Amino acid sequence: MRKPAAIALLSLCAAAQTAAPSLDTLLKKSYLELVELAPGLNLPAKSIDDFRQRIEVRRKEDMDGLDAEKKRLQAEADDIHRQLAALNASASTDDAAMAKRRALLHCRLTRNQIELSQSHTERAMAIPVMYDHQLSKLDILAQWPARKQQIAAAIAAGHARVRHWGDIDDIGYRKLGQGQEGDVKLGEDAVNELRAWRMLPPDLDSRPIEAYIAEVAGRVAAASDLRVPVRPEVLATAEINAFGLPGGRLLVDAGLIANADNESELAGVLAHEIAHIAARHGDRLTKPTGSVQRMLFQGISMAADAFTGGAVGEARSAAHDYLGLGVHLNLALLGVNRETEAEAGQLGTQYLWHAGYDPRGFVRFYDRMAGQADHSATASFFRTHPPGGDRALATLSELAYLPKKEPERVNSESFVRVKALTEAWLKAHTSRPVKPQCAE
Ligand SMILES: [Zn+2]
């Protein structure tokens with residue numbers, strides 16, 4: 001029997017009122033969506049804490065699974081080496097059948113090394129990042145409602161500019177990052193050292209793309225606290241990232257341009273990097289290390305991996321090229337830790353705003369990258385921009401503090417044209433490492 005329409009409607013309304021979205025559903029939403037939703041949810045602190053514990057349990061299960069996978073792959077590699085040794089012991093030279101068998105074993109070893117490298121990336125980067133995103137989204141759900149009220153109260157009381165780095169009308173004139181000129185040599189040495197190690201992809205060498213990036217970086221730098229000239233450079237790589245080195249060097253991957261949706265997203269990432277340079281985060285974190293070479297890589301063995309000869313070396317090198325610079329660079333040189341990330345989140349948002357861009361550019365790009373299914377494509381970006389509740393809250397707070405400006409620059413015809421040029425260039429010049437098909 002059909003319910004009368006009015007009653008059906010009533011019960012629908014009741015269901016909508018009682019059933020708040022589950023935390024599982026909420027964590028699939030973007031950071032900007034959560035900011036809209038959180039104040040109306042009234043989530044009990046206990047349910048958030050319980051969920052936090054469940055996330056930690058799931059993380060451990062995933063990591064245990066990867067551990068088992070790594071052991072399996074290492075055992076497989078040992079087995080292949082045993083088979084090669086047996087082949088070598090059986091005769092002084094190969095006959096046709098043996099040569100065929102040897103080629104198959106070499107192929108399987110190459111495939112094994114690519115799988116091992118992928119499983120390492122998953123373990124070291126993709127899995128932690130996925131769970132850290134969930135935890136920082138939980139932080140927003142837990143802390144944003146009170147934070148939002150606090151900010152509204154400070155603005156209403158006339159105290160908005162008393163917050164840390166709240167002197168936004170003095171950008172470029174305030175006491176931030178004094179002594180930047182002393183960092184120029186450090187940044188130059190780092191770039192030269194990277195070149196010497198063959199770790200730096202070549203310049204893209206396209207006038208229109210380089211000119212456009214110089215224009216966007218210049219616009220953001222002019223609206224920032226940077227006192228040294230910004231020196232942008234477009235790198236010929238599909239890696240999705242940008243790196244701000246001490247003293248004004250700004251390395252921009254072609255893959256970043258191709259993956260930004262509009263100019264404000266691209267400008268957002270550049271503004272974040274310019275904030276690290278202006279606030280001298282790299283200098284602050286590298287001081288005790290001293291030598292450029294020591295502070296350049298996460299570990300020198302990483303660089304050595306890139307030079308290992310033979311088929312296995314090629315496999316490693318392919319995996320390395322694909323993951324890119326962000327996977328190997330020392331985070332201290334880039335000035336990345338929890339505290340500096342939060343500060344760069346705040347300052348980058350201010351520079352975007354001051355340059356006339358939609359200040360949500362960085363967060364929007366971040367949200368899209370976090371939602372991507374291909375974790376190896378975003379491993380570099382999230383290693384150098386690790387998810388954390390601190391940066392998310394600092395950025396979102398700044399968005400709430402900044403006075404609204406119209407019109408905000410979101411996109412440009414130049415961006416659309418340069419993005420298409422960059423995509424075409426990448427399509428013609430790069431390919432992902434393909435796992436070999438070994439004819440068993
Ligand atoms: Zn950063």
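In this text, all values refer to a predicted model and were calculated from it rather than measured experimentally. What you see below is based on every heavy atom in this structure, not just the backbone, and it leaves out hydrogens, waters and symmetry mates. One is the number of the first residue; the rest follow in order along the sequence. Counting starts at 1 for both ligands and their atoms, in listed order.
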*Asks:* Is there a side-chain contact between Ile257 and Ile209, using heavy atoms and a 4.5 Å cut-off?
*Replies:* yes
*Asks:* Counting backbone and side-chain atoms alike, is an N, O or S atom of His272 positioned under 2.8 Å from the Zn ion (ligand 1)?
*Replies:* yes
*Asks:* Name the one of Arg59, Arg52, Arg58 that satisfies side chain to side chain donor-acceptor pair (under 3.5 Å) with Glu56?
*Replies:* Arg59
*Asks:* State yes or no: are the ring centers of Tyr366 and Phe382 separated by less than 6.0 Å?
*Replies:* yes
*Asks:* Centre of Tyr401's six-membered ring, under 6.0 Å away, within 45 degrees of the axis: is that where NZ or CZ of Arg163 sits?
*Replies:* yes
*Asks:* For the Zn ion (ligand 1), what is the closest N, O or S atom on Glu341?
*Replies:* OE2
*Asks:* Near the Zn ion (ligand 1), is there an N/O/S atom from His276 that is less than 2.8 Å away?
*Replies:* yes
